[in-house]
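So you know, we letter chains A, B, ... as the sequences are listed, proteins then strands, and number each from 1.
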Amino acid sequence: MTTKPVISCRNVWKIFGAHPERYLAQMAEGKSFDQIREDGYIAGVKDVSLDVSKGEMLVIMGLSGSGKSTLVRCFSRLHEITGGSIEVDGQDIMSLTEKELIELRRNKMGMVFQSFGLLPHRTVLENVAFPLEMRGQDKHERRARALEVVKLVGLEGREDYFPRELSGGQQQRVGIARSLAIEPDIWFLDEPFSALDPLIRREMQDEFLRLQALLGKTIVFITHDFDEALRLADRIAIMKDGAVEQCDTPDQIVLRPATEYVRKFTEDIDKARVVHARVLATAETIGEGDPVDAKATVQDLARLLVQDTRDVIPVAKDGTVIGGMNRTEALEILLENG
Amino acid sequence: MAETTAQPELRTGQTLTRPRGALILVGVAIVLMLLQYAGLLPAALFRVPEAVVPNFAGWLDAIFNFVKDDLGLLKLTRFLTEILQAFLDTTANLLFGKRRWPSIGPIPWTAIAAVAGVIGYYLGGWTMALLAAGTFVWTALIGQWKIAMETMSVLVVAAPSAFLIGLGLGILAWRKPWVDAALKPILSVLQTLPFFTYLLPAVIFFKVGPTAGAVATTIYAIPPMILMTTLGLKKVSPEVVEAGNMSGCTRRQLLFHVYLPSARTEILVGVNQVIMLCLAMVVLTAFIGMPGLGAKLLAMMGSFKLGRSFEIGITIVLLAVMLDRMSKAWVVKQPEHFEKGTPWWKRHLTLCLAAGAFVFFVLVAQIIPEAGQLGRTQNFSMGKELDNLIKGFLDIGAVKATTGFLRAFVNVQILIPFRNFLLSIPTPALILLVAAFALWLGGRKQAIYATLFFSLVALSGWWDRSVITLYSVLSAVAIAMLLGLPIGIVAARTEKWSKRILLVCDTAQTFPSFVYLIPAIMLFGITDIAVIFSILIFAMVPLIRYTIEGLRTVPEEMTEAADMAGATRMQKLWKVQLPLALPTMAVGFNQAIMFAFFMVIIAAFIGTQDLGQELQRTLAGTDLGKNFVLGICVALMALTFDLTILKWANDQKKLLGLD
Ligand SMILES: Nc1ncnc2c1ncn2[C@@H]1O[C@H](COP(=O)(O)OP(=O)(O)OP(=O)(O)O)[C@@H](O)[C@H]1O
Ligand SMILES: [Mg+2]
């Protein structure tokens, strides 16, 4: 994952209020969220810098109102940012003309909305085919494609229903299908599975993982569900009051929380399920005997950790040993959450 | 107005000075009046002297002439007239067989009724089908097909024009803030200007007859369409718009595929209002010689043919109710989906049925001429018989005694003294009284507006007639309150009656105002009291309506709290429900006054000495300047009340936390 970032943002601000630009320009350095609010403004996104690489799945987490949706809207330029810069594929999106922006969205970006954003006067099929229609695709082609994805999200037989005739979960699947229809390179998913039952949710997660692995899609994914985040994330960004508190791999976030807030936020998670052998391995001492797989979590290794007597256990990735894992350290992680 | 004293504890310290200020104004006014009655007031202070009155009418005429001739507006409008004429000729040919292109009309009445029935069925099932088809069948059988179609031929041109122009302007106003800023004041003035002010310019710029009628009708119906369009577009959920953006919509695509379809409900409500206003206005264009239902009604009422007037009234009411119900049904009608493999004809059943019925009846009309057109004598009009019936009824001793008594007592003992009293007040004193009223209810800003507006009226040179107009409005609204409030209060007691009375009010509100003259003339002949009566029933509708709504929306826990405190029904009403309902009721009161100002001018047809009479007179000539001055006088007086009462209602709502 060392390729050039697909999305790269630097010091991005999004302030809501009467004259956000003017306010930001004269604002004193280091004002807190609450101080800004006292001035009558809301910092939806507060000085955020991060990169998303190609083929990566970045999961954004945070409490309600922490600015997750706002950040993603900045990435897709649904919001004009107040300060900073955002580059997509090396191009500053704030400098795009309207036409270029439309081209970018038609060909590269897709989004699933938190509250679906379905067009009320269009049937399921017409909603799904909408982006294709806007692109001017041939009627039969787009119908065939729409049918295909409608089937994929399990709404076969309801093609001619109107959104108001569907349950919340079904509506959400229409929204997912609509974004699937054009198979964009960059995907923004704002709590895309929140209304789905666990079974379908799992299927959908698998579908996105498959697409990501198969076609190298870049995905920015918002969720409130830690299990989901762990299943999907390459990296997790944790937001609070518009700012990103920490953006790192799940292992690092639970092992080395950057702030007190992140520590609290991740307190209840069973770390043993998150931390991988790979992360615990150091090159200093390699140890002896049979190696364990780098991709195994501490929990996977629980039995072995308890029964083994070695101090250091070798860790191997794809058959080659990359380092040694301190057994006591691993055991502590295992025991911490009981 | 006792209502403001009802809750002194709610008033804040700042408003304490307002009643005092008002009191001072009233005091000055009384001093002026006393001086006048003692004969000590100089004449110049009693009325604005003729010599001081600026020649507003002359100036306006000069401006109009400049715009008309020098700026070449007349050329433009004459050009527009040609286009409009072409459309109107086409619809006239189709609907009642005017000898014009495409020369295929008239369409058989049976075909129109059948198609209306099919559309009615599609929109609202069998009852609506019956209403739609029945209206046309009635019209044909009662012998009013031709005049009804004359009216319809203008309506079917004016309503779509108003819709398109309103939609376009609404989109512009929503998109461009400066258009919005420019349109807002124009719209609010347009909505208070009496319709008569639309009529004369229409005549001057667009010739007499259907074209002028169509223009006046169109302009009259545009404002609500603009408002509903912007309202609807603003309400589209932002996420739906974002979804459109992310789908790569261009601006055009966004407007046509996302915004407009999502604003469907509001736009259709706008369509309903456009249709209803068009109908109301198209009937009134009778005053500028537009043939049709209105003209016929005018003629019949003028010659006191009550039976025929009554029948025409029913036709107009039926048309209004039908158009209203159908367009409202369209608002709530949601698209339905069809199961897979539904054949084409089933998907478009309405279209097929309508086309089928149309063709069938056109063919039938070839064989049976009565199905195409009814002859002059082939109708079931009972005009004469009804006439006798009504006259007989009025001749019954008891009825005659009642109307006679009302006429004599109310007129002589109350109305005429009141009118004379108003006329006896010196101009500055009356202005002060109105200002006091505005200050007390509204505030300083409202008082300033009131003074300014009424001073302008005084300077217009039409003071006495304006006062008579005011007198008609005030007396009618006062009587309407005496009758309407108790009805509203009683009806609001039960859910069932509230619904019933509201339905009646809703229906009555769709009637073109003209219709209200019919019962007035029937009962009281052509007299002052008939004027008051017609205004009164027209104004009672909003009063009852808002009283019920105000009372019904009093939060349950408050009435329950009163119950628990052991309040009697009366106590509950006076101490809890009425104070809370007052702001809403004030809105109804305001609407009643606006309606009254509107109606007073139509009622001038009966013969009064107010502004309306003069206005109607200007229509006969080309006195554009005077027409405008008169219209603006009415608008200014109406606006004064509008600003003051609405301000009060809003203040109270805020105070009571009802908003
Ligand atoms: N258009 C807007 N105008 C003003 N304030 C806004 C706007 N959009 C968002 N905000 C504010 O920005 C903050 C962040 O909102 P955002 O929708 O990004 O939260 P979120 O993290 O997505 O929350 P949730 O989990 O509930 O979806 C909130 O305080 C919100 O009130
Ligand atoms: Mg959100």
Side-chain angles (χ1 to χ4, degrees), chain A residues 69 72-73 75-79 98-137 156-166 174-175 178-179 181-182 184 186-188 190, chain B residues 123 167 171 175-177 228-229 231-271 329-349:
Chain A
S69 301
V72 165
R73 283 191 165 80
F75 289 163
S76 54
R77 209 181 146 184
L78 284 171
H79 281 331
E98 188 177 326
K99 216 169 146 201
E100 289 166 337
L101 186 64
I102 288 173
E103 278 311 306
L104 180 72
R105 285 174 179 162
R106 282 188 181 175
N107 301 318
K108 277 211 180 127
M109 287 181 173
M111 185 153 173
V112 175
F113 290 89
Q114 190 169 1
S115 34
F116 324 146
L118 301 181
L119 298 167
H121 59 287
R122 287 175 164 247
T123 62
V124 168
L125 203 64
E126 288 166 344
N127 257 297
V128 172
F130 186 67
L132 306 173
E133 188 183 330
M134 293 303 105
R135 286 204 279 190
Q137 209 168 64
E156 233 177 337
R158 309 211 184 239
E159 291 89 352
D160 291 325
Y161 281 46
F162 286 94
R164 74 191 138 80
E165 300 172 310
L166 299 175
V174 178
R178 177 173 62 189
S179 84
I182 49 168
I186 309 168
W187 239 315
F188 301 113
D190 194 346
Chain B
L123 289 173
L167 189 72
I171 293 172
R175 212 170 240 168
K176 302 257 187 300
M228 289 315 295
T229 306
L231 185 75
L233 290 174
K234 276 185 191 151
K235 259 176 59 181
V236 175
S237 129
E239 211 156 79
V240 170
V241 178
E242 286 176 338
N245 270 321
M246 287 310 286
S247 301
C249 286
T250 61
R251 279 182 202 213
R252 253 183 88 84
Q253 288 175 324
L254 203 60
L255 180 64
F256 285 103
H257 294 287
V258 178
Y259 273 111
L260 288 180
S262 305
R264 175 184 182 275
T265 307
E266 283 78 13
I267 290 177
L268 286 184
V269 170
V271 168
W330 192 20
V331 175
V332 292
K333 178 118 190 140
Q334 295 280 358
E336 278 168 51
H337 68 261
F338 295 95
E339 291 310 320
K340 257 205 196 118
T342 316
W344 187 90
W345 65 268
K346 228 179 192 170
R347 282 174 191 259
H348 301 89
L349 190 62

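A distance-only check finds no donor-acceptor pair linking the side chain of A/His121 to the backbone of B/Val258 [under 3.5 Å].
No more than 12 heavy atoms of other residues, nucleotides or ligands lie within 6.0 Å of NZ in B/Lys346, so this atom counts as exposed by the packing criterion. Surrounding CZ of B/Arg347 are more than 12 heavy atoms belonging to other residues, nucleotides or ligands, all under 6.0 Å away.
The candidate from A/Arg178, A/Gln114, A/Arg122, A/Arg164 with the greatest count of non-hydrogen atom pairs under 4.5 Å with chain B is A/Arg164. Of the listed residues (A/Asp160, A/Ile182, A/Val112, A/Leu104), the one with the most heavy-atom contacts under 4.5 Å to chain B is A/Asp160. Ranking A/Lys99, A/Arg135, A/Arg77, A/Glu165 against chain B, the residue ahead of the rest is A/Glu165, based on heavy-atom pairs under 4.5 Å. For the options B/Ala243, B/Ser237, B/Gly244, heavy-atom pairs under 4.5 Å to chain A are most numerous at B/Ala243. Comparing B/Ser262, B/Cys249, B/Gly248 by heavy-atom pairs within less than 4.5 Å of chain A, the highest count is held by B/Gly248.
Summarising the geometry, atom NE2 belonging to B/His257 is positioned 5.5 Å from atom CD belonging to A/Glu133; distances are rounded to the nearest 0.5 Å. For the atom pair B/Glu242 CD and A/Phe113 CZ, the distance stands at 5.0 Å (nearest 0.5 Å). Separation of atoms CG (B/Asn245) and CE (A/Met109) is listed at 12.0 Å; rounding is to 0.5 Å.
Looking at heavy atoms from C-beta onward, B/Thr250 lies in side-chain contact with A/Arg106 at the 4.5 angstrom threshold.
Of the two parts of A/Leu118, only the backbone, made up of N, CA, C and O, holds a non-hydrogen atom closer than 4.5 Å to a non-hydrogen atom of chain B. Contacts between A/Glu159 and chain B at a heavy-atom distance below 4.5 Å involve the side chain alone, from C-beta outward. Residue contact with chain B, scored on non-hydrogen atoms closer than 4.5 Å, involves the backbone and the side chain of A/Ser115 alike. In this structure, chain B has a heavy atom under 4.5 Å from the side chain of A/Arg73, while its backbone stays farther away.
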